[in-house]
Number of protein chains: 2
Amino acid sequence: MNSLPHILVVDDHRQIRDSVTRFLERNGMRATAAKDAREMEEKLAKGHFDLMVLDVMMPGEDGLSICKRLSAEKRLPIIMLTALGQDQDRIVGLEIGADDYLPKPFNPRELLARIKAVLRRAPEERLEAGPLSGRILRFGGLTLDTDAHMLTDRDGNRVQLTTADFRLLTVLLARPRTVLSREQILDLTAGRAAGPLDRTIDNQISRLRRKIEMDPLRPTLITTVRSQGYSLNADVEVVE
Amino acid sequence: MNSLPHILVVDDHRQIRDSVTRFLERNGMRATAAKDAREMEEKLAKGHFDLMVLDVMMPGEDGLSICKRLSAEKRLPIIMLTALGQDQDRIVGLEIGADDYLPKPFNPRELLARIKAVLRRAPEERLEAGPLSGRILRFGGLTLDTDAHMLTDRDGNRVQLTTADFRLLTVLLARPRTVLSREQILDLTAGRAAGPLDRTIDNQISRLRRKIEMDPLRPTLITTVRSQGYSLNADVEVVE
DNA sequence: CCGGGATTGTAGCGCTTTGTATCAGCTACG
DNA sequence: CGTAGCTGATACAAAGCGCTACAATCCCGG
């Protein structure tokens, strides 16, 4: 994080929005407000945010729904606000993908402390789908043109990737040297959950290996971690 | 044998310790208990943990102090428990380096949800992403390519290691000339606790020796320390 | 709207890897 | 020497995974 952390505050109550953003700004953060889902999307599309504070009860698309949707695709930490102080609701908020939860009425200083806590454990910014697009990446001797979905191998041969190949590779490249479970990969590439006997990812990996491994029978780039998942074993360099 | 997240529960009340660990274990986690700071240090030194649940009010060194100390050096997510429900104390807990906070009395399900939320944010940094990854190591005349999981012996012969071989070897290489108990090794390689008649590690060692010892019948690299465990007898040099 | 090729999901076989049981040998210690 | 506790090795069964074949689906030009 080069500059101040940028927080997006989404709440339909003008007074809360304003007081929260002002409080955050007085305490070393940058804050932007949005009054509903539509405005939130607008701001999200325009700028970069490090964390979102989201009210559960809102007209239009409500907080829980937004949270579920966002935590599936984006990688933006979310803290939920709600008037419901019951355990049940708090649990739902967390299980749905929020990173933390704060019942109203809350002490602004506690919100600040929780924001800091979440930011502290937010992984350092990695290459994501966004920053990755339109770039040329080099890894393990191969070069990937993310615009053309085209791969160039060590000998300069060009390999055409299918969309599935490409998405899988992108997901792996965004998290080098990290073991990703099949469930995780399926979620990130296809956006769906795995069935009990789902071998889809095994298959995709197998197909991708045939295209990028020097010896597909003894893979080194994409290694299998038994009963855990797969991981990309290479350093990724952004060329352009 | 999925490697479950391992939680360390530190609380001086026996009843809370027991009920929490039991609850976590019934819900897909592995839990270990410690009754004070000393016992905590002991467990931390021996095994791998993904998260710690820490009581604030304890005799001896109290939770806040422990938390402050640990969050400075280690990178272990911490959730604090406390009987104080006041805002002030909650803030102190978070600002001091805890990743979350839960006032007693708490709903176990909420603790579980919060643990999951914190774990989701915490990138799993096990061996894969450890300091040894992406390196070439030399020890006792052998060379290990940690990317390819490939070993080259004195004569240049290449030996393919299975993932279990590799993880075991990595654990040993990270702590050369140190006696590791079977329990410790099992925790570090597979992330699980040993059963009473567990000979898994004996077996793994036996298999690994066949691949790396010059004379597997008279092992010199990996030596047995009777009724203690095993140790790697070589200097490890990072080549690249 | 249709047809054909490319791509992607599903099923299943068979190999490899790994955990458990068991036995036999070894060591320490009387 | 004899015994008890460890350890090493072998055998076996279960689980995980790679790969092939095939079915379903997508894509795109006509």
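Residue numbers start from 1 in every chain, and the chains themselves are labelled A, B, ... in the order their sequence lines are given, proteins ahead of strands.
- Rounded to 10°, the angle separating the first-five-pair axis and the last-five-pair axis of the helix from C:dC1-D:dG30 to C:dG30-D:dC1 equals 30°.
- As rounded to whole Å, 11 Å separates atom P of C:dG19 from atom CG of B:Leu168.
- Listed by first and then second residue, the ring pair (Phe, Tyr, Trp, His ring centres under 6.0 Å) pairs involving residues 161-206 of chain A are A:His149-A:Phe166 (not counting sequence neighbours).
- In this entry the distance linking CZ of A:Arg167 with P of C:dT8 reads 11 Å, nearest Å.
- Partners of B:Glu61 by salt bridge (Lys or Arg N to Asp or Glu O under 4.0 Å), not counting sequence neighbours, listed by chain and number: B:Arg69.
- Within the nucleic acid shown, A:Tyr230 comes within 4.0 Å of sugar-phosphate atoms alone, with no base atom in reach, counting heavy atoms only.
- Listed by first then second residue, pairs satisfying salt bridge (Lys or Arg N to Asp or Glu O under 4.0 Å) with a partner in residues 9-23 of chain B read B:Asp11-B:Lys104, B:Arg14-B:Asp18, not counting sequence neighbours.
- B:Lys43 meets the salt bridge (Lys or Arg N to Asp or Glu O under 4.0 Å) test with no other residue; sequence neighbours excluded.
- The side chain of A:Ala164 has C:dT8 as its nearest neighbour among C:dT8, C:dG19, D:dC17.
- Between the CG atom of B:Asp202 and the P atom of C:dT22 there is a distance of 16 Å, given to the nearest Å.
- In this view, A:Glu183 satisfies the salt bridge (Lys or Arg N to Asp or Glu O under 4.0 Å) rule with no residue, not counting sequence neighbours.
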All N/O pairs under 3.5 Å across the protein-nucleotides 12-15 of chain D interface:
from: D:dA15; atom 1: N3; to: A:Arg226; atom 2: NH2; distance (Å): 3.4

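- Rounded to whole Å, the distance from CZ on B:Arg199 to P on D:dG8 is 8 Å.
- Note: CG (A:Asp165) to P (C:dA6) measures 15 Å, nearest angstrom.
- A:Ile79 is not listed as a side-chain neighbour of A:Met52, based on a closest heavy-atom distance of 4.5 Å or more.
- Without hydrogens or angle criteria, A:Asp187 side chain to A:Gln184 main chain gives no donor-acceptor distance under 3.5 Å.
- Under the side-chain contact (heavy atoms from CB on, under 4.5 Å) criterion, B:Pro108 pairs with B:Phe23, not counting sequence neighbours.
- Taking 4.0 angstrom as the limit, A:Thr163 places a side-chain polar atom (N or O) nearer than this to OP1 or OP2 of C:dT8.
- Proximity note for B:Asn203 (side chain, C-beta onward) versus C:dG19, D:dC17, C:dT17: the nearest is C:dG19.
- Taking every heavy atom of residues 210-222 of chain A and every atom of DNA chain C, no pair lies under 4.0 Å.
- Whole-Å rounding puts the B:Gln204 CD to D:dA9 C1' distance at 14 Å.
- Between the side chain of A:Asp198 and the base of C:dT10 there is no donor-acceptor pair of N/O atoms closer than 3.5 Å.
- Sequence neighbours left out, the pairs with a member in residues 227-236 of chain B that pass salt bridge (Lys or Arg N to Asp or Glu O under 4.0 Å) are B:Arg177-B:Asp235.
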Donor-acceptor list for residues 191-199 of chain A side chains, cut-off 3.5 Å, not counting sequence neighbours:
from: A:Asp198; atom 1: OD1; to: A:Thr200; atom 2: N; distance (Å): 3.0
from: A:Asp198; atom 1: OD1; to: A:Thr200; atom 2: OG1; distance (Å): 2.4
from: A:Asp198; atom 1: OD2; to: A:Gly195; atom 2: N; distance (Å): 3.3
from: A:Arg199; atom 1: NE; to: A:Asp202; atom 2: OD2; distance (Å): 3.1

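- Atom P of nucleotide C:dG9 and atom CD1 of A:Ile201 are separated by 8 Å, given to the nearest angstrom.
- Partners of B:Asp153 under the salt bridge (Lys or Arg N to Asp or Glu O under 4.0 Å) rule, at least two apart in sequence or in another chain, do not exist in this structure.
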